[in-house]
Number of protein chains: 2
Amino acid sequence: MLNERTEKVLFAIVESFINTNEPVGSRFITKTYSFNLSPATIRNIMADLEEFGFLAQPHTSAGRVPTDRGYRFYVDCLSRYHEAEDAFLESFISRLEATREDLNGLLEGSARTLSEHSRYLGLAAPMKSGRTTLNRIELFSYRADYIAVVLLTDEGPIKHKIIRAGQRLSPKTLRRISDYLNQEFSGYTVDEIRLKLIKEMSREKALCDILITKAVEICREALTFPPGEIYVCGFSDFIGLPDFSSRIREIAGAIEDKHFMLKLLEQVGAEVEGPSVLIGSENPAKEMKDLSLVVSTYKQGGKIAGSIGVIGPTRMDYSRAIAMVQTAARFITEALSR
Amino acid sequence: MLNERTEKVLFAIVESFINTNEPVGSRFITKTYSFNLSPATIRNIMADLEEFGFLAQPHTSAGRVPTDRGYRFYVDCLSRYHEAEDAFLESFISRLEATREDLNGLLEGSARTLSEHSRYLGLAAPMKSGRTTLNRIELFSYRADYIAVVLLTDEGPIKHKIIRAGQRLSPKTLRRISDYLNQEFSGYTVDEIRLKLIKEMSREKALCDILITKAVEICREALTFPPGEIYVCGFSDFIGLPDFSSRIREIAGAIEDKHFMLKLLEQVGAEVEGPSVLIGSENPAKEMKDLSLVVSTYKQGGKIAGSIGVIGPTRMDYSRAIAMVQTAARFITEALSR
DNA sequence: TTTAGCACTCTCGATGCATGAGTGCTAAAA
DNA sequence: TTTTAGCACTCATGCATCGAGAGTGCTAAA
C-alpha cells in the first residue's frame, strides 16, 4: 500500500512531531532528514499520507500531525528494527535494581522508576486479586470483638483486613479456626477459594460444626477485598505536559479513579505476552482518547501475575517507553522468581 | 483599630471574593449587602482597609482582593459567631458514618468524604509512626529465607513488612522469637521500643543468646518504616479549580510528595486542639504560598493520634471547611474510642 | 517523476480603539 | 464632621485590522 519512501517519510514525520510537538511542514523534513527530495515532493507525499488517514492538518497552512493511525504505523515499525539505546537502558536498570531488595516496594519502586525515566505516568498493579494464590492465612484477635486477618499471598504483597467478629473468640479458638482455614485453602487462588466456600457452606450445614461455620464466615468476609492495589507515580510531571492543559480535569479524574485504572490495565495486558501499545482512540475508554498506553504483564511461576506500564500523550516517545516497560516487566518477573 | 462598620465591610468583601473569585468593587458591595451606604463611602473604607494591609488591588481600577491578612481577619471572625449550617453538616456526617465499620478504611474514607463535600483536597494521616503503640508483633516465614512481619498497632492500621532473614528459621524458632518480642515490647510506642532496643543490644552481647540477637535484629529492621501513610483524596476536583492553572505543576508536585505532606500536617496540627487554619503565606512551605490549610488532630485514648484536614485555595470557604474538619476529627476520635 | 515558482490560506503577534468597570478626589449636602 | 454626588482618570478587556511568516496546492517546466 505504501512504498518504502513514503513509509520513511511518514516515520520521519511522526518522529519529528514526537520530538517537537509542533505540526511538521514539508521544508522541515527536507532540512532535518536527508531524503534528497524537495519540499514540493514531500508535500505530494504528505498529501497522499493524509488521504490514507495517516496524517491530518490542524488547519490549512499548518504542517501535518500524525493521526492515531499514523502513530500505529510508527509503533509497528519500531517493533521491527528497534533494539533501544543501550546506554539509556543501562541507567534505567541500575535504578530498578534499587527496588529489588524490598518485596513490598517492588511494584511501587518500578512504577516510580518508570515515571521518573519517562516523565509520563508510571503504573503497576498486581493481577486482579481473584487470581492470587493464598499462601497462608493468620488470625489475631484485636480489641474487644474484632479480628485482624492477615493473608500472605504467593505473589508477595500481604493483604490485611480487620473484621468484626461479633463476639470474643479465645486465642485457642482462633488458632483452631486458622489451622482449619490453612489446611483447607492454602495453595488455592482466591477465586478457587470462593468456589470452595460455597460448597463448604452446604456441607457445613450438615455438620453443624460451629467452629467451621465461624471459619467459613471469617474467610468469606476477609476475601471481599477493597479496590485492589495499584501504584500510580509521576502525576505532577505528567499533568504538567503541554499536551493537555485543557482536559486536565477530566484526565486527572480518570487517573485518580483506581477502579478505572485497574480495569484498564486488566483489559489491555490480560493475555498478551510482550508489551502492547494502545494509541489514542484505540483505548477502550473515552477518557483516554488522546492518551496512549504501553503495558506489559509480568509473571511469577509461569503465571501472569500483574501488569506494569506507562501512560503518556499520544505523541509519546514510544521507542523508549516500550523498551522501558519491557525491561521493567522482565525485571519484576526475574525478581519474583528468585 | 477597626471600627465595627469597617469590620463588617471587610467581612463582606472577603465573603464576596470567596464566592465569586472576582475582585470586588464598591458598587457590588452596596448592591449585595444592605449597609445603606453609597459606593463612595465604601470606597473610602476600602482605601483605609488597603492602607492597613487587609485588601489589595490587582491594578488600579480593579476591585479589591483580600490579602492573607484579610483572610486571617475573616477566619478569626468566623470562629466567633459561627455554628455552621446544620443541614449541610447532617449530610456530611451521614456520609462519614459509612466509613465507620471498616477500621482499615476509616482514615481514607474520612479524607474522601472531606474532599467530596468540600471539593478541595482531603487529607488524613496517622501521627508519625514513632508515636504509635505496638499492640502485637507476629512473624511468619515466607518463601525460602524471608520473614513476613506483621505489626498490629493500638491505633488501628496494621503495618506489614517483608524482611530478609538471611537463613531459614523454623516455625518453632520464629514463635519463640515473636513471643520474646511481644513480651518485651508490646504496649510501648515505636519510639520507646527503639530506645529499648539499644539497651537490649548491649545486654544481649552479655547474654550471647543467639535467639535474642536474632529477635532484636528482626525488630530493628521491621521498625524502619517506609514514608508512612497519608491519604490524599480529591486531586482531580482540586486541580481543576480556576485559581491555579498556572502553578499546577508545582502544586501537583508538592501534593504528590508524601514526605512533604506528612511533614506539613505534623508541623501544623502537632499540638493544637481544635482545627487550626493556615492562610497562604502563613504556611511554612513556599509551595503552599497561595493555598490554605485547615487541619485538626484526632485523638485516641486521650493521646493525639493523627491529623485530618483539607487544602484549598486561599479563597476557600473557610466557614464550611472548618466545620467539616472539626466534625471529621471528632468523628474519628469517637470511632476510635469505642 | 521531480521540482521550481507562485498564488493562496491561515495563524499569530502587534497595534489601535472603544467600552466599561472601578477608583480617587473635590466640593456640596447632611 | 460625615456622607455623598459628580467627575476625571486609569486600566483591563474585547474587537477589528494589519503585516509577517509558515505552509500548502497547483501548474508548468525540467
Side-chain angles (χ1 to χ4, degrees), chain A residues 1-10 12-17 19-67 70 242-243 245-246, chain B residues 1-10 12-17 19-67 70 242-243 245-246:
Chain A
M1 167 169 171
L2 300 180
N3 63 43
E4 194 184 325
R5 196 183 64 178
T6 313
E7 289 193 349
K8 276 191 178 153
V9 172
L10 175 52
I13 292 172
V14 177
E15 194 171 79
S16 301
F17 185 74
N19 290 329
T20 63
N21 197 20
E22 300 288 334
V24 1
S26 53
R27 257 193 66 192
F28 181 85
I29 289 295
T30 58
K31 275 191 192 163
T32 318
Y33 299 81
S34 25
F35 288 117
N36 291 323
L37 290 175
S38 76
T41 314
I42 300 289
R43 279 205 286 283
N44 287 331
I45 299 176
M46 281 171 151
D48 292 348
L49 286 170
E50 181 164 359
E51 198 176 336
F52 285 132
F54 291 104
L55 297 178
Q57 257 182 313
H59 56 87
T60 357
S61 97
R64 300 304 210 289
V65 161
T67 59
D243 306 62
S245 70
S246 60
Chain B
M1 170 168 167
L2 301 180
N3 64 44
E4 193 184 324
R5 196 184 64 180
T6 313
E7 289 193 349
K8 274 190 179 153
V9 171
L10 175 52
I13 293 172
V14 178
E15 192 171 82
S16 301
F17 185 73
N19 289 331
T20 64
N21 197 21
E22 301 287 336
V24 2
S26 53
R27 257 191 67 192
F28 181 84
I29 290 295
T30 58
K31 275 191 191 161
T32 319
Y33 298 80
S34 23
F35 288 116
N36 291 322
L37 291 175
S38 76
T41 313
I42 300 288
R43 279 204 287 282
N44 287 331
I45 299 176
M46 281 171 153
D48 292 346
L49 286 169
E50 182 165 358
E51 197 177 335
F52 284 131
F54 291 104
L55 297 178
Q57 257 182 313
H59 56 85
T60 357
S61 98
R64 299 304 208 291
V65 161
T67 60
D243 305 63
S245 68
S246 60

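For clarity, every value in this text was computed on a predicted model and none was experimentally measured. Chain A is the first sequence line, chain B the second, and so forth, proteins listed ahead of strands; every chain is numbered from 1.
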Examine C:dT1: is either OP1 or OP2 under 4.0 Å from a nitrogen or oxygen in the side chain of A:Arg5? Give yes or no.
no
Is the shortest side-chain N/O distance from B:Ser61 to OP1 or OP2 of C:dG22 below 4.0 Å?
no
Would you mind listing every side-chain hydrogen bond (donor to acceptor under 3.5 Å, both in side chains) that reaches into residues 42-55 of chain B, with sequence neighbours excluded?
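Only B:Ser26-B:Arg43, B:Glu50-B:Arg64 qualify under side-chain hydrogen bond (donor to acceptor under 3.5 Å, both in side chains).
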For residues 19-27 of chain A, which residues have at least one heavy atom under 4.0 Å from DNA chain C?
none
Between residues 44-53 of chain A and DNA chain C, which residues have a heavy-atom gap below 4.0 Å?
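Hits under 4.0 Å, by residue number: A:Asn44.
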Extract, from 5' to 3' on DNA chain D, the first and final nucleotides lying under 4.0 angstrom from some heavy atom of chain A.
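First and last nucleotides in contact are D:dA22 to D:dG25.
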Any salt bridge (Lys or Arg N to Asp or Glu O under 4.0 Å) involving residues 29-40 of chain A? Give me the pairs, sequence neighbours left out, ordered by first then second residue.
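Those involving residues 29-40 of chain A do not exist here.
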Exam field: side chain B:Thr30 to backbone B:Arg27, donor-acceptor pair closer than 3.5 Å:
yes
If the condition is side chain to side chain contact (heavy atoms under 4.5 Å, CB included), which residues does B:Ser38 pass it with, not counting sequence neighbours?
B:Ala40, B:Thr41
Just jot down the side chain to side chain contact (heavy atoms under 4.5 Å, CB included) partners of B:Thr20, sequence neighbours excluded, or say none.
B:Glu22, B:Phe28
Hey, is the side chain of A:Thr60 pairing donor to acceptor with the base of C:dT9 inside 3.5 Å?
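Checked by distance alone, the answer is no.
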Side chains of [X] and [Y]: closer than 4.5 Å at any heavy-atom pair?
{"X": "A:Leu2", "Y": "A:Phe54", "value": "yes"}
{"X": "A:Val24", "Y": "A:Thr32", "value": "no"}
{"X": "B:Thr6", "Y": "B:Asn3", "value": "yes"}

Shortest non-hydrogen contact from B:Pro242 toward B:Asn21:
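Answer, listing the atom of B:Pro242 first, then B:Asn21: CG-ND2, 3.9 Å.
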If you take all heavy atoms of A:Pro58 and A:Val65, which pair is closest and at what distance?
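Answer, listing the atom of A:Pro58 first, then A:Val65: CG-CG2, 3.9 Å.
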Can you list every stem that DNA chain D is part of, counting only runs of 3 or more consecutive Watson-Crick or G-U wobble pairs with both distances under 3.5 Å?
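Stems found: C:1-30 with D:1-30.
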Among residues at least two apart in sequence or on other chains, which ones pass side chain to side chain donor-acceptor pair (under 3.5 Å) with [X]?
{"X": "A:Ser16", "answer": "A:Tyr33"}
{"X": "B:Asn36", "answer": "none"}
{"X": "B:Asp243", "answer": "B:Arg315"}

Position toward the 5' end of DNA chain D (nearest nucleotide), B:Arg43 or B:Pro58:
B:Arg43
Within this structure, what is the NE2-to-C1' distance between A:His59 and C:dC12, rounded to whole angstrom?
10 Å
